[in-house]
Amino acid sequence: MQTRTLYDWFRTSARLHPDNVAIEVTSDSTDYAELRATAQRLSAEMRRALGRSPRRVGLLTSRSLVGYIAYLAALRLGATVVPLNPANPAARNLAIADEANLDLVVVD
């Protein structure tokens with residue numbers, strides 16, 4: 001039995017339904033084709049910034065389109081995603097980031 005990742009499931013949906021709305025967040029929405037392309041661009045930027053694929057990515061994002069795109073980009077690279085809460089004090093998020101040994105943090 002082959003194990004499929006969450007990104008594999010997303011990629012299949014994007015291939016089968018490129019013009020369907022993939023996500024709506026408040027007044028923002030995007031279709032599968034654009035979401036996939038944007039996640040690919042962001043994952044390439046993550047890799048370029050580090051010179052390699054990240055192992056652990058922190059997301060200091062609200063429930064925004066940017067946050068979901070960053071989540072998919074990290075999963076595309078096989079990284080573990082560590083959610084950070086923008087409502088937390090900065091010291092708490094820094095402590096979590098340090099303990100998790102994050103390679104990078106995406107902020108929206």
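This one's a predicted model, so the numbers in the text were calculated from it and none came from an experiment.
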Distance (rounded to the nearest 0.5 Å) between Ile23 CD1 and Ile69 CD1: 8.0 Å

Pair Tyr71 and Tyr68, ring centroids less than 6.0 Å apart: no

Backbone of Ala95 reached by a side-chain donor or acceptor of Asp98 within 3.5 Å: no

Flag side-chain contact, heavy atom, 4.5 Å: Val106 against Leu104: yes

Any donor-acceptor N/O pair, Asp108 side chain to Ser62 backbone, under 3.5 Å: yes

Pair Glu99 + Arg56: basic N to acidic O under 4.0 Å: no

CA sep, side-chain torsions, deciding dist, call: Leu75, Leu77, side-chain contact (heavy atoms from CB on, under 4.5 Å): CA-CA 5 Å; Leu75 292 180; Leu77 296 172; over 6 Å; no

Under 3.5 Å side-chain donor-acceptor pair for Arg4 and Thr12: yes

Point-to-point distance, once rounded to the nearest 0.5 Å, from CD of Glu45 to CG of Leu50: 10.0 Å

Shortest non-hydrogen separation from Ala73 to Ala39 and the atoms involved: CB-O, 3.5 Å

Any side-chain donor near an acceptor of the partner, Ser43 and Arg76, under 3.5 Å: yes

Validation row: Thr80, Val57 side chains within 4.5 angstrom (heavy atoms): no

Residue pair Thr30, Val21: steps toward the side-chain contact (heavy atoms from CB on, under 4.5 Å) verdict: CA-CA 6 Å; Thr30 189; Val21 172; over 6 Å; no

Val66 with Leu59, same ILVMFWY side-chain cluster at under 4.5 Å: no

Gap separating the CG atom of Asp19 from the OH atom of Tyr32, nearest 0.5 angstrom: 12.0 Å

Nearest-0.5 Å distance that lies between atom CG in Leu65 and atom OG1 in Thr38: 8.0 Å

Residues forming a side-chain hydrogen bond (donor to acceptor under 3.5 Å, both in side chains) with Asp103, sequence neighbours excluded: Arg52, Arg55

Approximate separation, where rounding is to 0.5 Å, of Phe10 CZ and Leu72 CG: 5.0 Å

With sequence neighbours excluded, residues passing salt bridge (Lys or Arg N to Asp or Glu O under 4.0 Å) with Asp31: none

Hydrophobic cluster of Leu60, others only, ordered by chain and residue number, side-chain cut-off 4.5 Å: Val82, Leu84, Ile96, Leu102, Val105, Val107

Shortest non-hydrogen contact between Leu42 and Ala70, atoms and distance: CD2-CA, 3.5 Å

Minimal non-hydrogen separation, Arg63 against Val25, with atom names: O-CG1, 3.0 Å

Closest heavy-atom pair and its distance - Ala14, Arg36: CB-CD, 3.9 Å

